[in-house]
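Any value given below was found using the heavy atoms of this structure, including those in side chains, with hydrogens, waters and symmetry copies removed. Along the sequence shown, the residues carry numbers beginning at 1.
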Amino acid sequence: MKPVHDMGVAELASALKSRALSSREATQALLSRIQAHEGLGAFLHVNGDGALARASAADAVLAAGSAGPLTGVPMAHKDIYVTADMPTTAGSNILAGYRSPFDATVIARLNAAGTVALGKLNCDEFAMGSANENSAYGPAHNPWDVSRVPGGSSGGSAVAVAARLVPGTTGTDTGGSIRQPASFTGITGIKPTYGVCSRYGMIAFASSLDQAGPMARSAEDCALLLSGMSGFDERDATSVQQPPQDFHAQMLVARDGASAGKPLAGLRIGLPKEFFPAGLSADVNAAVRAGLAELEKLGATLVDVRLPRTELAIPVYYIIAPAEASSNLSRFDGVKFGHRAAQYDDLLDMYKKTRAEGFGPEVKRRIMIGSYVLSHGYYDAYYLQAQKLRRMIADDFQQCFAQCDLIAGPVAPTVAWKHGEGKDNPTQAYLADIFTLPGSLAGLPGMSVPVGSGEGGMPVGLQLIGNYFKEGQLLHAAHALQQATDWHQRAPAGF
Ligand code: GLN
């Protein structure tokens, strides 16, 4: 048998089911590995005793023969999901030491499915960032080259999977935070259609964009995890009323005209011209084109489409997301939970000092931008215009989907950059979100699938975007690609 850390979700689940391995053994092995690789900065909290107790409970279920597809599988969660048995910080000092009285719905579902939570994962403060360098608890390091960032905001979630510390993690994606770190670390991640996963207990950044999703090594593993975490939740007003989905079964559904060699026969993949601009770095372009050539070999046809407002997605997102954040983050005032300044004169002074001490610079920047664009006199000029353009961006996608089934392109314009490179120039990092923001604004499902390596041997992800509720189709295409290639199986040297 392979070492535990070499097994993905599906593999581990079947080893557990066959009783070749117990969940307790798997948990113990991964807890030691997490400790050995502490320097990566992936985890903010490790819950050894709690995990072992859950693993024993899972072993009892496995012994009784009533295991589900995820029973006993160890995983870890982005520290933006509230958890009753572990602290939750959202990567912020303002929530240092915070304990939630309840579990986020996504976490409660994964726990009920028998997964074993080993701990909480590093992320950018309140999920604002693209490099995990905005975490109040220090950076996370890319295992492919520790002098580079893992991407963000779900940086810890990506590092934990890429370094084989856990087979699967949860992430969240508001403007690319699952897809971009997945691309930077050579793993697979899916952001489902807005509303597929409950946002209840996922600390809000920009509520009209925030969406939960899994990060793992393969599309198959993501399909299993997504089935376990998604579904209607009456506690989230934007949760979609649809029956529970079996994304793994959807992933396996063969297309009409498909054959062994051509599983994607008839699939039309649209390539927006705007996703391949002159500024796209050559290494990323080459890897993405190679991935597309593989998809063609599998029977897909490539068609040219247009997303003419791609560039506008950046200002639109960086108005709407901060606007919503400025409102969502007003709850952190030192009164009910989290940090409170030690010394203050009166209530207003307490608010001011608490927030000045508790929030980091990027969060403060967004609160200021958001308050500005929502203020009287600027609302019409900025926020309202951004909302109108958001609708037009979503409409552009529908025009594309009249000509194709999926849209493909790069996830990010470059491979992972070096630590410190984006720090002094926040707008530079905002521009690098260009390919993930349009799909987010439209609420569409998107994936990152590893397709090659670029500068410095760093991984490159292919982005696939589907129409609403076409997660099954996305996973099917990604799975077919992964059956034919081995990029998703490659581990960074030493891991
Ligand atoms: N990089 C984007 C931002 O900083 C996206 C973050 C996210 O998806 N949470 O807002």
Evaluation steps, side chain to side chain donor-acceptor pair (under 3.5 Å), between Lys78 and Thr172: CA-CA 8 Å; Lys78 185 175 183 178; Thr172 62; 2.7 Å; yes
Side-chain donor-acceptor contacts of residues 440-451 below 3.5 Å, not counting sequence neighbours, with atom names and distances?
{"from": "Ser440", "atom 1": "OG", "to": "Thr174", "atom 2": "O", "distance (Å)": "3.4"}
{"from": "Ser440", "atom 1": "OG", "to": "Arg179", "atom 2": "NH2", "distance (Å)": "2.8"}
{"from": "Ser440", "atom 1": "OG", "to": "Thr436", "atom 2": "O", "distance (Å)": "3.2"}
{"from": "Ser448", "atom 1": "OG", "to": "Ser183", "atom 2": "N", "distance (Å)": "3.4"}

Do Ser153 and Asn132 come close enough that some side-chain heavy atom pair is under 4.5 Å? no
Would you check if the side chain of Asn122 reaches a backbone N or O of Phe43 as a donor-acceptor pair within less than 3.5 Å? no
Would you say the side-chain atoms of Asp173 pair up with the backbone N or O of Gly176, donor to acceptor, closer than 3.5 Å? yes
Pairwise side-chain contact, Val73 with Leu16, heavy-atom cut-off 4.5 Å (strictly under): yes
Distance-only, no hydrogens or angles: does the Arg390 side chain make a donor-acceptor pair with backbone N or O of Ala313 under 3.5 Å? no
How long is the span from the CE atom in Met86 to the CG atom in Leu118, to the nearest 0.5 Å? 8.5 Å
Mark yes or no for whether Gln403, through its side chain, and Gly270, through its backbone, hold a donor-acceptor pair below 3.5 Å. no
Closest heavy-atom contact between Cys222 and Leu475? CB-CD2, 4.3 Å
Heavy-atom check, side chain of Pro150 versus side chain of His141, under 4.5 Å: no
Partner set under side-chain hydrogen bond (donor to acceptor under 3.5 Å, both in side chains) for Ser14, not counting sequence neighbours: none
Is there side-chain contact between Val415 and Phe184, with heavy atoms separated by less than 4.5 Å? no
Check this for me: Glu38, atom CD, are more than 12 non-hydrogen atoms of other residues, nucleotides or ligands nearer than 6.0 Å? no
Kindly indicate, with the supporting measurements, whether the criterion salt bridge (Lys or Arg N to Asp or Glu O under 4.0 Å) is fulfilled by Lys297 and Glu294. CA-CA 5 Å; Lys297 271 196 240 161; Glu294 283 297 334; 3.2 Å; yes
Among all residues two or more places apart in sequence or in another chain, which pass the side-chain hydrogen bond (donor to acceptor under 3.5 Å, both in side chains) test with Asp145? Ser147, Arg148
Does the Tyr81 side chain pair with the main chain of Gly171, one donor and one acceptor, at a distance under 3.5 Å? yes
ring-ring contact (aromatic ring centres under 6.0 Å, His included) for Phe205 and Phe126? Distances and angles first, verdict last. CA-CA 6 Å; Phe205 162 15; Phe126 290 106; 8.8 Å; no
Trace of the side-chain contact (heavy atoms from CB on, under 4.5 Å) decision for Leu110 with Thr170: CA-CA 10 Å; Leu110 287 168; Thr170 51; 3.6 Å; yes
Residues, nucleotides or ligands: over 12 heavy atoms within 6.0 Å of Glu296 CD: yes
Hey, does the side chain of Gln180 reach the backbone of Gly152 with a donor-acceptor pair shorter than 3.5 angstrom? yes
Without swapping roles, check the side chain of Arg109 against the backbone of Gly231 for a donor-acceptor pair under 3.5 Å. yes
Where is the tightest heavy-atom contact between Leu30 and Val166, given as atom of each residue plus distance? CD1-CA, 4.3 Å
Are Met202 and Asp210 packed together at the side-chain level, in the sense that at least one heavy-atom pair is separated by less than 4.5 angstrom? yes
Are any non-hydrogen side-chain atoms of Tyr194 and Ser239 less than 4.5 angstrom apart? no
So, does Arg33 use its side chain to make a donor-acceptor pair with the main chain of Ala163 at under 3.5 Å? yes
Could you check whether any side-chain heavy atom of Ser218 comes within less than 4.5 Å of a side-chain heavy atom of Asp221, counting everything from C-beta outward? yes
With no hydrogens and no angle check, is any side-chain donor or acceptor of Glu125 less than 3.5 Å from a backbone partner on Ala136? no
Side-chain heavy-atom pair Asn328, Ser207 within 4.5 angstrom cut-off: yes
Taking all non-hydrogen atoms of both residues, which atom of Arg306 and which atom of Cys400 are closest, and how far apart? O-SG, 3.1 Å
Please determine, by modelled atom types, if Thr188 and Arg217 share a side-chain donor-acceptor pair under 3.5 angstrom. no
Could you walk me through whether Phe397 and Val305 pass the side-chain contact (heavy atoms from CB on, under 4.5 Å) check? CA-CA 9 Å; Phe397 274 105; Val305 295; over 6 Å; no
The reported gap from CG in Leu121 to NE2 in His77 (rounded to nearest 0.5 angstrom) is 8.5 Å
Using a strict threshold of under 4.0 Å (side-chain N to carboxylate O), is an ion pair present between Glu274 and Arg309? no
Separation between CG of Asp6 and CD of Gln489, rounded to the nearest 0.5 Å: 10.5 Å
May I ask you to check whether Thr193 and Glu471 show a side-chain donor-acceptor distance below 3.5 Å? yes
Using ring centroids (six-membered ring only for Trp), state whether Phe495 and His37 fall under 6.0 Å. yes
Does a side-chain N-to-carboxylate-O contact under 4.0 Å join Glu362 and Arg365? yes
With a 4.0 Å cut-off on N to O distance, would you call Lys120 and Asp79 a salt bridge? yes
Any donor-acceptor pair under 3.5 Å linking the side chain of Ser281 with the backbone of Pro413? yes
Examine the side chains of Glu220 and His248 and answer whether a donor and an acceptor come within less than 3.5 Å of each other. yes
Between Thr105 and Asp236, is the side chain to side chain donor-acceptor pair (under 3.5 Å) condition met? List the steps. CA-CA 9 Å; Thr105 298; Asp236 171 5; over 6 Å; no
Looking at CG of Leu44 and SG of Cys123, how far apart are the two atoms once the value is rounded to the nearest 0.5 Å? 6.5 Å
I'd like to know whether Ser453 forms a side-chain contact (heavy atoms from CB on, under 4.5 Å) with Met458, so could you lay out the CA-CA distance, the side-chain angles of the two residues, the decisive distance to 0.1 Å, and finally the verdict. CA-CA 5 Å; Ser453 61; Met458 296 307 290; over 6 Å; no
What verdict does the side-chain contact (heavy atoms from CB on, under 4.5 Å) test give for Leu225 and Phe247, after you've listed the backbone C-alpha separation in whole Å, the side-chain angles of each residue and the deciding distance to 0.1 Å? CA-CA 9 Å; Leu225 294 174; Phe247 293 106; over 6 Å; no
